[in-house]
Amino acid sequence: MASRRDLSVYLLRAFHRPRPWLVRYLLLTLPAVLLVPLIALPLLPWFRIPLWLEALETRSLDALVEVLAHSTVSGGPLLLFALLALPLLWLIVRALWLLTEGGVLVTYARSDAPSWREFGRACLRWFGSFLLMSLLGTLISLVLAAPTLVLTMLSRRAWPPLGIFLGVGGGALVAVVRFWMELGRASAVVRDDRHVIRALRYGGRLLTQRPLSLLGLAMSTGLLRWLVVFGARRVALEIPQPQWLLTLLFQQLVQVVTIWLPLIRKAGEVGWAVRVFGTELTSGNATPDMRGPVSDPVDV
Amino acid sequence: MSLRIPRLAGCLIALLLLGGGPGSARATASPAGERLTSEAITAHAALQRALPPPEVASYAIDARYAPLAHIITAEEVATYYNRTEAPIEDLVLHLYLNAFRSGDTLWMREGGLGHRGFQYDPGAPGWIRVEQIRLEDGSALSVEAVDPDETLVRVDLLEAVPPGGSITVEISFTAQLPRVFARTGWADDGEFVMAGQWFPKFGVWEDGAWNAYPFHACSEFYADFGTYEVALTLPDDWHVGATGVAVDAPIDNGDGTATHWYKAEHVIDFAWSASPHFQTMTRTVDGIAVDLFHYPGARSAARRVMDATVETLALYGAWYGPYGKGLYPHLTVILVPSGAGGAGGMEYPTLFTVGALAPGGTPRCLKLLEAETVHELAHQWFQSVVATNEAEAPWLDEGFADYSTVRALDTLYDGALSECAGWQLSYLASRRWEYVLRPGTPMSGRAWDFGSDYSIATYSKPVVALTTLERRVGERAMLDFLRSYYDAYAFAHPYGQDLRQAMAESLGMEIADWFFEELVHGSGTLDADIVDLRADGVDLEREGDLCVPVEVRLATSEGETSPMWPCDGQEADLDVVEELRAVEIDPDRVALLDLNLVNNGDRRQADRAGWLGFAVRMLRVLQVLFGLGCS
């Protein structure tokens, strides 16, 4: 019972400490808000064309292609700028996302919620290690994925079921590597150890000691996220195009939920790391508060 | 021809090489008579309309196929009945396979050594050779090539065949099938074979002459109705699908071969396919036995083909009339294996092949297999029973088959050719875009005269024209017309003027004249446009020679009205009393021939709410994009 309460404490931090989701929401929304006018304004004249309205309302490629083939866009330079800015902004968001990972994990790892300043310091403190871990994870994934892909393509010709098996297996391996990196980050923060290799070892140890619980946590939050996205898509299709306010509210609600679910997973990972490594961060003190020997793991 | 998904390349023709030389000449043994009048054609067709239809060209073929060498050796007994009033002084036979004997034939020069994306293999050619031809009494006859490639040969007769008479010739022939190319051949290291146009075949005697052309790349076939009795001897572990019905179980010859017997009555052709790897799927629909042959591993695709076949058999039966006019008890479907796509997408009497476009199948959201299936099945009505001349008027069967494809896809799959990722693309739209590329193409003409416009003239424009016709006269009237046309010309060879006559009788002279003058023979185009939209009215303009009367929807502050815009001028001025907000020409999309549908509609003010809705959705899309790779 004590283990259940402990874990739930961490899971609840994902709700009681909203700073991580606010930061993540802004990271995704601000660049999007920047680009939307650049894309939408040049297309305003198209909203006089019934066929264009029909294309959007009915999702008809017939109508869409017809409009694209016969219409001109007045704000071409704006659109072009948006197109060029998109990949650059994506890279910036990706980097900032990784930058904020340290602050997010510290928020859930500490017994008391950090201030904005402490959040920022944690982000900077952990960025270097997490960047290296991310690059290492990518490298390992490529090393695993590339030959798997080749084998998959070759075996599909010889025996399709083998090809499918290899493909699925390869995908699963890459997913496990990513999950291992994530656990490594959580473990590193809990142990307050920025050494990359040691962090990966902690992550591996965490995974091997609590495989079912952690995979269950990952899969349940992942499945929930998929259900939310899939369900939201179906609902959004039913909302008429002109009902823009309803669409905005609904889609941003979905956005909030889809950001929150991975944060719940991270909070859970931090909770499991604390239970396995027996440490918890306290306020303003990077030194872990040792609470004695690690207790035997108790499955929740 | 089989289904062709829109392509820009189409069929290239070397017009300079053709130049009206013997390669393009129609075989005439005697001076070509004047074309019969419409009444005479109708009378002639009436001879063949009686059910069961009288035989004209019948064949008994005993063939042996050697898979390793891809060689057919056969004895053929061919009988031609002279159902006309002109004596026949010679015979003309098609030897289609000789078009594939090298890369230098007329067919190859016109086709550029390719066919629908598949390349000819010069190391595995096809050919056919008449070893001997004699009369029943043993008198030898001689064969003379009509064209340099010997795809057409003439046989002088010792005595003319009088009107009402018949002649039987015995032909020994040898044929080699090519590696699958242009609908026929072998694949899978010889363990799959599709044999089409594989035997010496009579031309069509009409108007006092033989209607038969050397084999052109863009041309298909034309033959008379008759009875086929065919014995096929192959290795005993091979499974066979063929035109007609199996007479009995295969006979084991005790030498590692088995002989399969087939009989097909009231058909214009006989094709067969075989492989030791075939598996069979069988269903019965309204008493019609449907056998589908497919390779292992293609069961999922086969199921889709069978489902589409079964559902569409019922549809076409309801729309046009019974399959085979009730005389065909069986239908064979061949789903060709990967590597044999060149044999897929083709029609023969009571047999059709699919798999040209996607032999391995496609995701369920992409209906290529289904589109191919319903198209080839439609040919069982328009080509196998209403047996038009595919060489001289290819649109008469392909246009109707493709129009049927649009209707079937509309009924079964909401018109979608693709509905992947939530966006729908219709088959009709894809055909319309091809038409819009070269809209001034007439539909009438010989297959090889169209050049790169073949696909537009034969498929795209006819399907758009027939769909426009349907929307103009209404579905009920259209189906009544098609049913009466099918009924009147079943087991006959109607030409364009016969169709025009049938259309005039059913839909009225004005409609028939419009359809034929402006669409079939004409090269006119149409683009309706909104020139000036004001608060008190709108100016409209029609560009091009084509005209279809359409509605114009006017949305005002008080409501909507939809006056007609008739074909009485290129311009129209519509005034309103209330404030005009939006205009849409042809909101029901009757005139699909309109080259530009975008300029058919306009609003005085942009739909701001719609624009905001778009912006909001774009916001979400961008948020998702930025979140990619971030967990």
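Predicted model only: the values in this text are computed from it and were never measured. All chains are named by letter (A, B, ...) in the order of the sequence lines, taking the proteins before the strands, and each is independently numbered beginning at 1.
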(message) Taking every non-hydrogen pair under 4.5 Å, which of A:L43, A:L86, A:L237 racks up the most with chain B?
(response)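 The candidate making the most pairs under 4.5 Å is A:L86.
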(request) Pick whichever of A:I39, A:V65, A:V33, A:L56 has the most heavy-atom pairs under 4.5 Å with chain B. (result)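 Looking at each of A:I39, A:V65, A:V33, A:L56 in turn, A:V65 comes out on top.
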(message) Closer than 3.5 angstrom, by distance alone: can the side chain of A:D62 be matched with the main-chain N or O of B:S426 as a donor-acceptor pair?
(response)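 Judged by distance alone, yes, a pair lies under 3.5 Å.
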(message) Keeping A:W90 on the side-chain end and B:L628 on the backbone end, is there a donor-acceptor pair under 3.5 Å?
(response)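 Flag set: sc A:W90 to bb B:L628 pair under 3.5 Å.
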Please look at [X] and chain B and tell me whether the side chain, the backbone, both or neither of the residue comes under 4.5 angstrom of a heavy atom of that chain.
{"X": "A:L91", "value": "neither"}
{"X": "A:P37", "value": "neither"}
{"X": "A:L248", "value": "both"}
{"X": "A:S71", "value": "side chain"}
{"X": "A:Q243", "value": "neither"}
{"X": "A:L64", "value": "side chain"}
{"X": "A:R24", "value": "side chain"}
{"X": "A:W46", "value": "neither"}
{"X": "A:E54", "value": "side chain"}
{"X": "A:L89", "value": "both"}

(message) Looking at every non-hydrogen atom in both residues, tell me the closest pair between A:V67 and B:V598 and how far apart they are.
(response)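 Taking every non-hydrogen atom into account, CA-CG2, 3.6 Å.
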(request) Name the member of B:W433, B:F614, B:W423 that forms the most heavy-atom pairs with chain A at distances under 4.5 Å. (result)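 Heavy-atom pair counts peak at B:W423.
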(message) Looking at A:R59 and B:E419, is there a salt bridge between them, counting it only when a charged N and a carboxylate O are closer than 4.0 Å?
(response)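 Salt bridge: no.
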If I measure from the heavy atoms of chain A, does [X] come under 4.5 Å with its side chain, its backbone, both, or neither?
{"X": "B:L595", "result": "backbone"}
{"X": "B:E584", "result": "side chain"}
{"X": "B:R608", "result": "side chain"}
{"X": "B:R553", "result": "neither"}

(message) Would you say A:Q252 and B:Q623 are linked by a side-chain donor-acceptor pair, where the criterion is simply a distance under 3.5 Å?
(response)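 Yes, side-chain donor-acceptor contact under 3.5 Å.
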(message) Run the side-chain contact (heavy atoms from CB on, under 4.5 Å) test on B:F626 and A:L35 for me, step by step, so that the C-alpha distance in whole Å, both residues' side-chain angles and the decisive distance to 0.1 Å come before the verdict.
(response) CA-CA 11 Å; B:F626 285 126; A:L35 285 184; 3.8 Å; yes
